[in-house]
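First comes the structure, then the notes that go with it.
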2 protein chains.
Amino acid sequence: MDTATHTAAQSRVVDAALELFAVRGVNGTSLQMIADALGVTKAAVYHQFPSKEQIVVATAETELARLDAAVTAAEAEEDRSRALEVLLSQVVDLAVERRHVVSTLMHDPVVVRLLATHEPFPRLMARVSRVLLGAAPTAEARVRAAMTQIAIGGAVSHPLVADIDDDTLRSELLRMARRLFGLPVDR
Amino acid sequence: MDTATHTAAQSRVVDAALELFAVRGVNGTSLQMIADALGVTKAAVYHQFPSKEQIVVATAETELARLDAAVTAAEAEEDRSRALEVLLSQVVDLAVERRHVVSTLMHDPVVVRLLATHEPFPRLMARVSRVLLGAAPTAEARVRAAMTQIAIGGAVSHPLVADIDDDTLRSELLRMARRLFGLPVDR
DNA sequence: GTCTATATGAAGATAGAC
DNA sequence: GTCTATCTTCATATAGAC
């Protein structure tokens, strides 16, 4: 999942697109809007990416590179509790840091389809789920894993927490997540 | 929040629109698609609603009527724990029953804007939050309230729980929600 | 309540010059 | 890397007949 293969001009497109996607959704964001945000024409944007879909893929890749790193770190832990702790804390960090874009990327219909069908995204999501599920994928474990992914990713952009600073939000989210998994909460 | 003011033809439009919105998002759903799903022409749809926006409003009203009922029931409880229990259990019921559409309605950019700006939706959302927050809107309480709304609404449509039957999903979600609020879990 | 037909604009995308 | 100009398709929306 390489971000390094992007030129500077491509990165500028991705950054501008991401901000717009977060507010208006992918389908609500036209190439004209992206071009306007960059102060260039549509044709200039098309010179960087062959289609709008490829811009969406590039934004998803950029954001998910760090999720990949987090799940890789978790998988390296032998003890299940430690693996969970590593994944939850890194995912919370990531979600808070990217709080203004994370919810869209998880819920936008276009992105959802991409994450479900376009490798390497489904594979990455399966790895995240595997760590959260543990050995026994009971109904309880699956509901808990689903709630965790959704709750962390979605809560960071909820109006109720809009004026909570990053540090507080991070620690509160982590407390809630640990509580769901029966991990020690205080540290 | 009246659903009864719709004619049969209007209700058919709303039902068809809702199914499409859930899969493709509002911006990804054209009036042509809605018309095709109903086997009529676009003009026939425009005869029922003056604009696409009004269709979106009607779908939101239809779905949120029952959330309104749930929060009204909760507000009638004097004891805070009982109010929470009433709201959580009814919201879980509602979310599970409407699991294929609930996530869209909470996250679609068009609907989100509507819920934030178009009365009576913001008022309803504020009432839900007030019950969940309780007397002291601390950071912890706000994060918990945000996580709860998001987790219940979003988890029901998560791939991980796709093949869990409604009854199991309902009881597991309720267990998780109660755990977050320190309510008794077993019953 | 539904139709045909049409207006008007904006979307994604391409050609080719600078 | 960016531009102007253009193509095609599809969007929302309206007029008026049946």
Side-chain angles (χ1 to χ4, degrees), chain A residues 3-62 104 108-114 117-118, chain B residues 3-62 104 108-114 117-118:
Chain A
T3 314
T5 56
H6 292 157
T7 65
Q10 283 177 324
S11 295
R12 260 178 283 137
V13 171
V14 168
D15 289 346
L18 197 50
E19 297 302 313
L20 288 163
F21 290 166
V23 178
R24 327 251 340 192
V26 173
N27 275 327
T29 302
S30 68
L31 285 168
Q32 187 64 66
M33 292 176 195
I34 298 172
D36 288 348
L38 292 168
V40 300
T41 62
K42 275 191 293 180
V45 176
Y46 271 106
H47 183 73
Q48 306 302 331
F49 291 97
S51 69
K52 184 179 175 181
E53 165 134 8
Q54 285 307 306
I55 299 177
V56 179
V57 170
T59 60
E61 278 175 349
T62 302
T104 312
D108 188 283
V110 177
V111 181
V112 165
R113 191 156 301 193
L114 206 65
T117 62
H118 187 293
Chain B
T3 313
T5 56
H6 293 156
T7 66
Q10 282 176 323
S11 294
R12 262 178 282 136
V13 171
V14 167
D15 290 346
L18 198 49
E19 297 303 313
L20 288 163
F21 290 166
V23 178
R24 327 248 341 188
V26 174
N27 275 327
T29 302
S30 67
L31 285 169
Q32 186 64 65
M33 293 177 195
I34 298 172
D36 288 349
L38 292 167
V40 299
T41 62
K42 277 187 292 179
V45 176
Y46 271 106
H47 183 72
Q48 307 301 331
F49 291 97
S51 69
K52 184 179 176 181
E53 164 133 9
Q54 286 306 306
I55 299 178
V56 179
V57 170
T59 58
E61 278 175 350
T62 302
T104 311
D108 188 284
V110 177
V111 181
V112 165
R113 190 156 301 191
L114 206 65
T117 62
H118 187 292

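Everything numeric here is computed off the predicted structure, so don't read it as measured data. Letters A, B, ... are given to chains in the order of the sequence lines, protein chains preceding strands, and every chain is numbered from 1. Side-chain atoms are counted along with the backbone in the values below, which use heavy atoms only and exclude waters and symmetry mates.
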Within-4.5 Å side-chain heavy-atom neighbours: [X] and [Y]:
X: Gln48(B); Y: Thr7(B); answer: yes
X: Glu19(A); Y: Thr29(A); answer: no
X: Phe49(B); Y: Val13(B); answer: yes

Quiz item: What string of B, S and - do you get for nucleotides 1-14 of chain D, 5' to 3', when a contact is any protein heavy atom under 4.0 Å?
Solution: BBBB------SBBB
Exercise. Tell me, yes or no, whether the heavy-atom count around Gln32(B) atom CD, taken from other residues, nucleotides or ligands under 6.0 Å, exceeds 12.
Key: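 It does: Gln32(B) CD has more than 12 such atoms within range.
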Quiz item: In degrees, rounded to 10°, what is the bend between the two ends of the helix from dG1(C)-dC18(D) to dC18(C)-dG1(D), using five pairs at each?
Solution: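 One end's axis against the other's: 10°.
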Quiz item: Sub-3.5 Å donor-acceptor pair from the side chain of Lys52(B) to the main-chain atoms of Val26(B), do we have one?
Solution: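 Yes; judged by distance alone, with no hydrogens or angles, the pair exists.
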Quiz prompt | With sequence neighbours excluded, residues passing ring pair (Phe, Tyr, Trp, His ring centres under 6.0 Å) with His47(B) | solution =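 Listed in chain order: nothing, the list is empty.
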Quiz item: Does the side chain to side chain contact (heavy atoms under 4.5 Å, CB included) test come out yes or no for Leu114(B) and Val56(B), once each step is laid out?
Solution: CA-CA 9 Å; Leu114(B) 206 65; Val56(B) 179; 3.8 Å; yes
